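Here is the structure we will look at.
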Number of protein chains: 2
Amino acid sequence: MAAISGGKTYHHGDLRNALICAAVDLATDGGPERVVLREAARRVGVSPTAAYRHFDGRGELLRTVKLHAQCRLADSMERAAAGEPGADDPALAAERRLVALCRGYVGFAVDEPGLYRAAFCVPRPAEAEESVVGRAAATEPEIRAFTLLREALEGLAKVGVPRPEGRTAAGAAAWSAVHGLSLLLLDGPLRRLPAQRRDDVVESTLAMVVSGTRGL
Amino acid sequence: MAAISGGKTYHHGDLRNALICAAVDLATDGGPERVVLREAARRVGVSPTAAYRHFDGRGELLRTVKLHAQCRLADSMERAAAGEPGADDPALAAERRLVALCRGYVGFAVDEPGLYRAAFCVPRPAEAEESVVGRAAATEPEIRAFTLLREALEGLAKVGVPRPEGRTAAGAAAWSAVHGLSLLLLDGPLRRLPAQRRDDVVESTLAMVVSGTRGL
DNA sequence: TGCCCGATGTTGACCACATGAACATTCCAG
DNA sequence: CTGGAATGTTCATGTGGTCAACATCGGGCA
């Protein structure tokens with residue numbers, strides 16, 4: 001139960017969640033590298049080591065933030081796609097959906113750079129392995145953002161556009177484009193692009209995606 | 001003059017360079033976050049603070065490594081393009097060159113993940129501004145990798161493929177695709193892809209780029 | 001020739017973090 | 001009620017970045 005009373009008790013009551021929120025805040029303005037255990041604890045008003053009762057360490061806290069960020073990204077994509085008007089031509093509708101999803105993707109990256117970077121931050125050294133070494137590498141759940149793109153491309157496929165063999169590859173290609181574009185816009189050389197030109201670049205890239213995945 | 005003699009003297013003689021090499025080594029296996037001032041100094045056999053005689057701090061050391069990595073990336077692209085056979089049809093030749101450059105790009109990312117990540121690492125907080133605030137933001141030299149892609153696309157344009165207006169945008173789009181692909185392959189969900197499938201994805205993405213930038 | 005200053009390194013110190021061990025406080029099930 | 005499991009706290013250690021004060025070297029000028 002969430003602590004309603006303001007009175008501080010020895011036991012926080014919902015520390016894990018509170019820490020996650022604080023960590024998400026940190027990531028939101030500052031990206032994954034600013035997700036610092038001590039700072040999160042400080043913000044929640046608790047000693048640094050308290051976090052270890054709920055997380056394996058900074059690594060796990062960060063991984064949690066990462067998951068959260070991935071969800072938010074997918075949400076943004078779905079929101080963008082939901083706002084898209086349908087079309088009589090199913091092929092056109094499918095194409096529009098794909099473009100809308102991509103726009104939602106890049107839009108999220110631009111609006112929430114910190115979270116976006118967190119969504120793709122790379123696990124620290126050696127902490128990459130979570131379970132037993134001998135076991136098959138834990139099959140991580142497919143990121144929803146990718147699922148959305150893939151399904152959109154399958155939607156196009158049903159209408160006969162891309163050939164089935166290349167569908168997954170087409171998804172990866174489309175994802176590559178929006179992901180790369182996002183990062184170039186955030187940290188890369190397209191960073192300082194004025195908003196006008198930025199939109200141009202985004203549109204060009206989306207055009208490349210729709211026309212370029214046609215033949216796959 | 002490089003210190004030939006093994007005898008350690010109080011003055012190193014070429015510390016700046018030695019530190020850069022050590023830092024590059026660190027980045028090479030471990031990425032930018034492992035570029036640690038103290039460790040670099042340790043490897044060179046010098047006290048940590050000695051580095052401050054040659055660099056503003058870790059930030060500048062890292063920035064130097066970043067530049068180095070960008071050069072290596074461009075080198076890889078040029079090497080790949082150089083190995084490409086010409087073609088009678090100039091349009092075909094131009095297209096081949098573009099694809100070769102892209103292959104060189106992704107190839108470098110896959111072969112040298114640490115360096116590749118270093119080439120695009122984002123400057124730390126607040127250290128982003130190097131000079132006076134009032135001055136126009138220092139116009140960074142265009143990254144050679146991008147120049148190569150842009151020129152390749154201009155090569156295609158001369159042959160009449162993309163329309164001139166979109167040329168820069170086309171370059172950005174192409175770059176986005178290879179950059180995103182590289183990162184997805186390195187850290188992202190395409191990380192554990194078997195080599196076979198990886199090549200498929202690369203080829204699909206390149207196909208998307210060449211066919212998708214045609215209309216820009 | 002010899003000395004002095006500036007460039008280059010070194011020591012020591014401080015602060016922020018991650019993390020582990022040992023100890024304290026609660027809370028709840030039996 | 002009461003004792004152990006949960007949950008926090010304090011203390012301690014190790015790594016890294018960075019600064020100030022001090023040491024050393026090497027070359028140019030009197």
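Numbers restart at 1 for each chain; the letters A, B, ... are given by sequence-line order, proteins then strands. Here the structure is a predicted model, which is why all the values come from computation and not from measurement.
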For A:Leu37 and D:dG8, give me the distance from atom CG to atom P, rounded to whole Å.
-> 13 Å
Distance-only check: which donor-acceptor pairs under 3.5 Å involve side-chain atoms of residues 106-116 of chain B, not counting sequence neighbours?
residue	atom	partner	partner atom	Å
B:Tyr116	OH	B:Tyr105	OH	3.0
B:Tyr116	OH	B:His179	ND1	2.5

Rounded to the nearest angstrom, tell me the gap between atom CG in A:Leu62 and atom C1' in C:dC17.
-> 14 Å
What's the CZ-C1' distance between A:Arg16 and D:dT7, to the nearest Å?
-> 14 Å
Starting at atom CZ of B:Arg34, determine the distance to atom P of D:dT15, rounded to an integer number of angstrom.
-> 15 Å
At their closest point, which heavy atom of A:Val65 faces which heavy atom of A:Ala27, and how far apart are they?
-> CG1-CB, 3.8 Å
Nucleotide C:dG20, atom C1' - distance to CZ of A:Arg58 in whole Å | 18 Å
Of all the heavy-atom pairs spanning B:Gln70 and B:Ala119, show the shortest one and how long it is.
-> NE2-O, 3.1 Å
Strictly below 4.0 Å, heavy-atom distances to any atom of DNA chain D: list the hits from residues 47-57 of chain B, or just say none.
-> B:Thr49, B:Tyr52, B:Arg53, B:Gly57
Let me know the distance between CG of B:Asn17 and C1' of C:dT8, rounded to the nearest Å.
-> 16 Å
Indicate yes or no: does A:Lys66 engage A:Glu60 in a salt bridge with an N to O separation below 4.0 Å.
-> no
Round to the nearest Å and state the distance from B:Arg38 atom CZ to C:dG9 atom P.
-> 17 Å
B:Arg34 with B:Glu39: basic N within carboxylate O range, under 4.0 Å | no
Rounded to whole Å, the CG-P distance (A:Leu15 to C:dT26) equals 16 Å
Indicate, with a heavy-atom threshold strictly under 4.0 Å, whether A:Arg42 touches base, sugar-phosphate, or nothing.
-> sugar-phosphate
Look up atom CZ in B:Arg96 and atom CG in B:Leu101, then write down how far apart they are to the nearest 0.5 Å.
-> 14.0 Å
